[in-house]
There are 2 protein chains.
Amino acid sequence: MDGKPYIAQRPKRADGRRNYDAILAAARKAFESAGADASLEDIASQAGVAIGTLYRHFPTRASLVEAATRDGLENLVAHAERLTAGPDPLGALVAWMREAVVHFSTFRGLVGILAQSMYDEGTPSHTMCSAMHRSGADLLRAAQAAGRVRPDLTPDELFDLLSGAAWVREQATPDRDGSARFLELVLEGITTRD
Amino acid sequence: MDGKPYIAQRPKRADGRRNYDAILAAARKAFESAGADASLEDIASQAGVAIGTLYRHFPTRASLVEAATRDGLENLVAHAERLTAGPDPLGALVAWMREAVVHFSTFRGLVGILAQSMYDEGTPSHTMCSAMHRSGADLLRAAQAAGRVRPDLTPDELFDLLSGAAWVREQATPDRDGSARFLELVLEGITTRD
DNA sequence: ATTTAACCTGAGGCGACCTCAGGATGTCAA
DNA sequence: TTGACATCCTGAGGTCGCCTCAGGTTAAAT
């Protein structure tokens with residue numbers, strides 16, 4: 001039905017690159033303070049650019065979100081690769097899960113977009129989500145092979161748990177952030193008894 | 001600063017009541033199919049009423065959501081009271097949790113509103129949320145007293161877990177609903193070892 | 001029948017989204 | 001240096017949803 005999902009790529013011309021970067025910086029700031037549904041017109045004007053220019057580089061809101069979060073998620077995947085095949089599979093999985101929850105809740109509304117993208121190809125973030133899925137699955141498999149995590153837990157279920165934790169974190173206020181405890185309780189449920 | 005939160009109450013005049021009910025019915029339908037951010041103008045026109053009439057009865061979206069979900073949540077609270085002091089505290093808690101997750105995810109976006117209302121007085125749904133909080137806390141306390149649930153779990157944490165499960169359910173597609181498994185894993189984490 | 005408080009209407013201002021025709025400009029090759 | 005052109009930028013304007021309010025209508029009480 002549709003073509004491949006649009007992935008924003010840095011433009012060739014100097015002014016294009018400048019504006020692309022300015023928009024991305026403004027978007028990161030705006031998303032962080034106003035959530036994923038921040039005003040695109042605000043972002044454009046904050047970047048010192050007309051609204052049409054923003055749409056030129058990022059035809060959809062999802063493509064802008066993808067570009068704004070790509071680096072962080074790439075780091076997450078890279079970190080997973082560094083952790084894989086370490087001496088402590090359970091510790092690696094747990095550390096990675098904690099980190100993932102933080103990245104998933106970079107700003108309000110992100111985790112919903114990622115959860116959507118995880119199983120919906122044709123979404124800008126789908127590529128990165130798939131990579132994360134693989135990373136998480138690898139770490140999970142290793143921890144299961146070591147007998148430290150219940151063997152019937154699937155990667156999909158792992159991501160449901162991570163997403164839930166990230167969502168709770170998203171809802172948190174400065175005085176009330178239950179996400180750390182949330183993850184702790186979840187870990188209690190998925191690790192095997194000593 | 002502000003007065004008490006607005007709680008929609010059925011109006012006195014016959015035409016007022018008629019419209020109030022029609023709006024509520026239209027809202028329930030719209031929320032179910034389009035989520036909590038359904039168009040209020042659509043709801044009004046679906047109810048055969050001008051937009052001003054909708055705003056007369058429900059000055060804010062939150063007040064309409066509250067009215068649309070009050071019955072269901074009242075049932076949930078009533079059910080909790082029926083379950084309290086039964087012979088099987090853990091079974092009661094688990095049954096109630098399952099039911100709560102279903103109610104929290106009646107439509108897309110609801111659980112976020114409820115999570116917000118839980119700790120924010122001055123919100124239409126706060127009253128009902130507090131009642132639920134008490135209900136859940138009672139069931140939790142009973143299960144803990146029976147030694148079936150870890151004693152360090154607080155009601156706030158219980159609601160974080162429930163909200164997380166409901167959010168996962170909200171994201172689910174017909175072919176992929178991990179919320180039941182989510183709850184199962186969570187229960188594994190909060191129940192005491194046999 | 002009169003009165004009146006409750007109720008209803010819908011035009012209109014606002015902000016956000018998104019498109020597109022027309023103009024500006026960097027880049028590259030000659 | 002100078003075209004030539006593809007890339008890029010602009011911002012007016014159509015659409016939609018939110019919300020208000022001045023003016024008209026009506027149920028219900030006396």
Side-chain angles (χ1 to χ4, degrees), chain A residues 2-3 5-27 29-31 33-68 107-109 113 123-124, chain B residues 2-3 5-27 29-31 33-68 107-109 113 123-124:
Chain A
D2 49 19
Y6 182 95
I7 302 286
Q9 52 182 331
R10 257 172 129 235
K12 316 285 159 63
R13 247 170 63 170
D15 53 347
R17 269 204 308 270
R18 234 190 342 264
N19 288 335
Y20 180 98
D21 291 342
I23 292 167
L24 212 45
K29 199 170 299 185
F31 287 154
S33 73
D37 52 354
S39 159
L40 297 182
E41 310 210 294
D42 276 0
I43 292 175
S45 92
Q46 201 63 32
V49 140
I51 182 65
T53 301
L54 185 148
Y55 278 99
R56 171 175 185 78
H57 292 299
F58 306 99
T60 67
R61 170 175 236 106
S63 70
L64 182 52
V65 167
E66 193 277 337
F107 48 80
R108 203 167 41 76
I113 294 171
T123 282
Chain B
D2 49 21
Y6 182 93
I7 302 287
Q9 51 182 329
R10 255 173 128 237
K12 317 285 158 60
R13 249 171 63 170
D15 53 348
R17 270 203 308 271
R18 236 192 338 267
N19 287 335
Y20 179 98
D21 291 341
I23 292 167
L24 213 44
K29 198 169 302 186
F31 287 153
S33 74
D37 52 354
S39 160
L40 297 181
E41 308 210 295
D42 276 0
I43 292 174
S45 92
Q46 201 63 32
V49 139
I51 182 65
T53 300
L54 184 148
Y55 277 99
R56 171 175 186 79
H57 292 299
F58 306 99
T60 66
R61 180 181 293 276
S63 70
L64 182 52
V65 167
E66 193 277 337
F107 49 80
R108 201 168 42 77
I113 294 171
T123 282

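Order of the sequence lines fixes the chain letters, A, B, ..., with proteins taken first and strands second; residue numbering starts at 1 for each chain. Just so it is clear, the values below take in all heavy atoms, side chains as well, and ignore hydrogens, waters and symmetry mates.
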In whole angstrom, give the distance that lies between atom [atom1] of [X] and atom [atom2] of [N].
| X | N | atom1 | atom2 | value |
| --- | --- | --- | --- | --- |
| Tyr55(A) | dG14(D) | OH | P | 17 Å |
| Arg17(A) | dG26(C) | CZ | C1' | 11 Å |
| Leu54(B) | dT20(D) | CG | P | 12 Å |
| Asp37(B) | dC19(D) | CG | P | 12 Å |
| Asn19(B) | dT26(D) | CG | C1' | 12 Å |
| Leu40(A) | dT10(D) | CG | C1' | 17 Å |
| Arg18(A) | dC8(D) | CZ | C1' | 11 Å |
| Gln46(A) | dA16(C) | CD | P | 13 Å |

Taking 4.0 Å as the cut-off, does a side-chain nitrogen or oxygen of [X] come that near to OP1 or OP2 on [N]?
| X | N | value |
| --- | --- | --- |
| Ser39(B) | dC18(D) | yes |
| Thr53(A) | dT10(D) | yes |
| Arg13(B) | dA5(C) | no |
| His57(B) | dC7(C) | no |

Could you state the interatomic distance from [atom1] ([X]) to [atom2] ([Y]), rounded to the nearest 0.5 Å?
| X | Y | atom1 | atom2 | result |
| --- | --- | --- | --- | --- |
| Phe31(B) | Arg61(B) | CZ | CZ | 6.0 Å |
| Leu54(A) | Gln46(A) | CG | CD | 12.5 Å |
| Glu66(B) | Thr123(B) | CD | OG1 | 10.5 Å |
| Gln9(B) | Tyr20(B) | CD | OH | 8.5 Å |

Would you indicate what [X] reaches in the nucleic acid, counting non-hydrogen atoms under 4.0 angstrom: base, sugar-phosphate, or nothing?
| X | answer |
| --- | --- |
| Gly16(A) | sugar-phosphate |
| Ile51(B) | base |
| Pro59(B) | nothing |
| Ala38(A) | sugar-phosphate |

Among [options], find the nucleotide with the atom closest to the side chain of [X].
| X | options | answer |
| --- | --- | --- |
| Asp15(A) | dT27(C), dC18(C), dG11(D) | dT27(C) |
| Glu41(B) | dG11(D), dG17(D), dT20(D) | dG17(D) |
| Arg56(B) | dC8(C), dC18(D), dT26(D) | dC8(C) |

Next on the checklist: Both Lys12(B) and Gly52(B) contact DNA chain D. Which one's nearest nucleotide lies toward the 5' end?
Outcome noted: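 It is Gly52(B) whose nearest nucleotide is closer to the 5' end.
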Checklist entry - Testing Arg18(B), Arg17(B), Arg13(B) for side-chain hydrogen bond (donor to acceptor under 3.5 Å, both in side chains) with Asp15(B), which one passes? => result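 Of the listed options, the one satisfying the test is Arg13(B).
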